[in-house]
Amino acid sequence: MVGSSQVPLLLRAARGEKLDRPPVWMMRQAGRYMKAYRDLREKYPSFRERSEIPEVAVEVSLQPWRAFRPDGVILFSDIVTPLPGMGIGMDIAEGKGPIIDNPIRTQAQVDALRTLEPDESLPFIRTILQALRDEVKNESTVLGFVGAPWTLAAYAVEGKGSKTYSVIKNMAFTEPALLHDFLGKLADSIAIYVRHQIDCGAQVVQMFDSWAGQLSPQDYETFALPYQKRVFEQVRQTHPETPLILLISGSAGLLERMKMAEPDIISVDWTVDMADARRRLGADMKVQGNLDPGVLYGSHSFIRDRILDTIRKAGHQGHILNLGHGVLKDTPEDNVRFFFETAKQADELLAVHA
């Protein structure tokens with residue numbers, strides 16, 4: 001058995017060890033707020049180029065690692081990346097997000113979908129994840145990520161981002177059998193994709209159900225929860241030791257229901273106090289989060305105080321420090337640096353500011 005000193009901090013926290021400080025990483029830590037990323041984007045203007053050309057995606061993934069040494073290094077990709085491998089054509093428009101070529105609206109389209117074969121349709125994933133593991137070794141944890149069935153279905157049915165989700169809700173409430181069939185196929189392919197990422201080097205995988213917070217609780221239990229759970233159950237059949245994180249945007253009203261999906265870790269956003277989240281989820285559930293990304297616009301003392309407040313409320317066991325969602329594109333890069341530096345000194349700072 002590998003000694004705990006050889007196991008990266010984030011992986012130890014994800015397994016429930018009591019630690020002197022929480023591990024820290026940031027969603028979207030590789031991105032537009034970094035000058036290095038903006039410079040590279042000029043050479044590779046297409047998001048798909050940046051995420052699917054292995055040497056470029058590796059470089060982007062490692063930019064924050066080299067700058068800030070976070071405890072987690074996440075694959076640079078997008079949640080819709082596997083859709084073409086299922087037969088759903090898409091592109092990612094700069095500043096606009098995914099655009100689906102032929103939105104899914106009929107049973108015939110669902111019947112025509114293929115089961116994902118990652119090495120065939122996503123050959124770059126193996127190269128990227130293996131390179132990240134080789135680079136960071138045991139100094140950091142390599143994270144993979146996927147989109148959840150409901151959110152991927154929403155993109156595929158709506159055809160693009162949405163504010164009302166009217167097309168997929170129309171399908172959900174008038175043709176539920178069609179949507180359930182589609183969600184099931186997505187769940188099975190996503191589970192294959194998670195297992196593939198683990199086989200390629202991911203040590204923890206986060207599933208983003210970004211749009212599930214737009215569902216009422218009863219509809220979440222019908223259209224999102226069963227398929228989240230289906231993914232997790234299939235992954236655990238082959239990779240029971242790999243921690244799985246579940247994130248939903250705007251999840252304050254769904255925390256207890258998220259636990260029913262049986263993730264190892266729930267990512268908590270800033271719309272709920274961390275102490276309340278801990279109380280609602282119970283001591284057995286590990287958590288991630290949950291600073292408002294807007295905090296990083298504040299002064300260094302303000303950022304420090306918010307970090308320490310979150311850590312106090314989360315406790316020293318089963319907590320991964322993060323934002324409640326991705327770092328914003330106009331965040332001062334120096335404030336991100338300060339966030340990481342402060343988080344790594346949390347044990348000393350808590351003693352001083354007790």
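Remember, predicted model here, so these are calculated numbers, not experimental data. Heavy atoms only: backbone and side chains are in, while hydrogens, waters and symmetry mates are out.
The two residues A156 and F182 have their closest heavy-atom pair at CB-CZ, 3.7 Å. Summarising the geometry of G213 relative to I248, their closest heavy-atom pair is N-CG2, 3.3 Å, with the distance given to 0.1 Å. Heavy-atom minimum distance, M26 versus N322: CA-OD1, 3.3 Å. Between Q29 and I74 the shortest heavy-atom distance is NE2-N, 4.1 Å. Nearest heavy atoms, M274 versus V268: CE-CB, 4.4 Å. Minimum interatomic distance between I303 and V295 (heavy atoms only, all atoms of both residues): CG1-O, 3.4 Å.
Distance alone, capped at 3.5 Å, places no donor-acceptor pair between the H325 side chain and the D292 backbone. For D71 (side chain) and V24 (main-chain N/O), a donor-acceptor pair under 3.5 Å exists by modelled atom type. A donor-acceptor pair under 3.5 Å is formed between the side chain of T238 and the backbone N or O of V235. No donor-acceptor pair closer than 3.5 Å links the side chain of S251 to the backbone N or O of L254. A distance-only check finds no donor-acceptor pair linking the side chain of R21 to the backbone of D347 [under 3.5 Å]. One N or O on the side chain of S140 and one on the backbone of P70 form a donor-acceptor pair closer than 3.5 Å. Without hydrogens or angle criteria, Q234 side chain to A191 main chain gives no donor-acceptor distance under 3.5 Å. Between the side chain of R195 and the backbone N or O of Q237, no donor-acceptor pair lies under 3.5 Å.
L179 and V231 fall within a single hydrophobic cluster, where Ile, Leu, Val, Met, Phe, Trp and Tyr side chains are chained together by heavy-atom contacts under 4.5 Å. Criterion: ILVMFWY side-chain heavy atoms under 4.5 Å apart, direct or through other members. Under it, I311 and L19 are not part of a common hydrophobic cluster. Under a hydrophobic clustering in which Ile, Leu, Val, Met, Phe, Trp and Tyr are joined whenever their side-chain heavy atoms come within less than 4.5 Å, directly or via other members, V157 and I99 fall into different clusters. Tracing side-chain contacts under 4.5 Å through hydrophobic residues (I, L, V, M, F, W, Y), one never reaches L350 starting from L9; they form parts of separate clusters. Following chains of ILVMFWY side-chain contacts shorter than 4.5 Å, one cannot reach L296 starting from W270, and the two form parts of different hydrophobic clusters.
Between E49 and V56 the shortest side-chain heavy-atom distance does not fall below 4.5 Å. Between M27 and L247 the shortest side-chain heavy-atom distance falls below 4.5 Å. Inter-residue side-chain proximity for Q107 and D181 is flagged as met; some heavy-atom pair is nearer than 4.5 Å. A 4.5 Å side-chain heavy-atom check between L116 and H196 finds every atom pair outside the cut-off. Contact of the L62 side chain with the L132 side chain is registered, since non-hydrogen atoms from C-beta on lie closer than 4.5 Å. A heavy-atom distance below 4.5 Å is found between the side chains of Q228 and M207. Between R257 and E221 the shortest side-chain heavy-atom distance falls below 4.5 Å. Side-chain contact check for P103 versus E158: every heavy-atom pair is 4.5 Å or farther apart.
T222 contributes atom OG1, which lies 9.0 Å from atom OH of Y227 (distance to the nearest 0.5 angstrom). A distance of 5.0 Å separates CD of Q288 from CD1 of I320, quoted to the nearest 0.5 Å. From S77, atom OG reaches atom CD1 of I125 across 4.5 Å, with rounding to the nearest 0.5 Å. In this structure, I265 CD1 and M258 CE are separated by 11.5 Å, a value rounded to the nearest 0.5 Å. Of the inter-residue distances, the one linking Y193 atom OH with C200 atom SG reads 9.0 Å to the nearest 0.5 angstrom. One distance of note links CD1 of I192 with OG1 of T115; it measures 5.5 Å at 0.5 Å rounding.
Under the 4.0 Å criterion applied to side-chain N and carboxylate O atoms, R105 and E175 are not assigned as salt-bridge partners. Under 4.0 Å is where a charged nitrogen must lie from a carboxylate oxygen, and between D188 and K185 no such pair does. One finds no salt bridge joining E333 and K35 here, because no Lys/Arg side-chain nitrogen approaches an Asp/Glu carboxylate oxygen to under 4.0 Å. A salt bridge links R236 and D264; the closest N-O separation between the charged side-chain nitrogens and carboxylate oxygens is under 4.0 Å. Under the 4.0 Å criterion applied to side-chain N and carboxylate O atoms, R306 and D309 are not assigned as salt-bridge partners. Remark: D273 does not engage R279 in a salt bridge, criterion side-chain N to carboxylate O under 4.0 Å. Ion pairing between R32 and E94 fails under the 4.0 Å rule for side-chain N and carboxylate O.
For Y220 and W150, the gap between ring centers reaches or exceeds 6.0 Å.
Screening W211, F223, Y155, F173 for a ring-ring contact (aromatic ring centres under 6.0 Å, His included) involving Y165 leaves a single residue, W211. Each of L215, T151, I79 was checked for a side chain to side chain contact (heavy atoms under 4.5 Å, CB included) with D209, and the lone residue meeting it is T151. When each of T331, D269, L328 is checked for a side chain to side chain contact (heavy atoms under 4.5 Å, CB included) with P293, only L328 meets the rule.
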Quiz item: Hey, mind stepping through K169 and D219 against side chain to side chain contact (heavy atoms under 4.5 Å, CB included) and telling me if it holds?
Solution: CA-CA 10 Å; K169 287 188 177 183; D219 294 323; over 6 Å; no

Quiz prompt | Derivation and outcome, side chain to side chain contact (heavy atoms under 4.5 Å, CB included), residues V7 and R15 | solution = CA-CA 11 Å; V7 178; R15 292 173 177 173; 3.7 Å; yes

Exercise. In sequence, state the C-alpha distance, the side-chain angles, and the governing distance for V352 and L349, and then conclude on side chain to side chain contact (heavy atoms under 4.5 Å, CB included).
Key: CA-CA 5 Å; V352 172; L349 291 169; 5.5 Å; no

Exercise. Verify side chain to side chain contact (heavy atoms under 4.5 Å, CB included) between Q206 and V204, making sure each step is shown before the conclusion.
Key: CA-CA 7 Å; Q206 177 160 307; V204 176; 6.0 Å; no

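When the side chain to side chain donor-acceptor pair (under 3.5 Å) test is applied to N290, no partner is found at least two apart in sequence or on another chain.
The aromatic rings of F338 and H300 sit parallel, their planes meeting at an angle under 30°, below the 60° perpendicular limit. In this pair, F47 and F76 present their aromatic rings tilted. The plane angle is within the 30 to 60° band.
Among residue pairs with one or both ends in residues 124-137, those qualifying as side-chain hydrogen bond (donor to acceptor under 3.5 Å, both in side chains) are D119-R126; sequence neighbours excluded.
Side-chain N/O atoms of Y37 and R50 include a donor and acceptor closer than 3.5 Å.
Applying the 6.0 Å contact sphere to CG of D20 captures no more than 12 heavy atoms from other residues, nucleotides or ligands.
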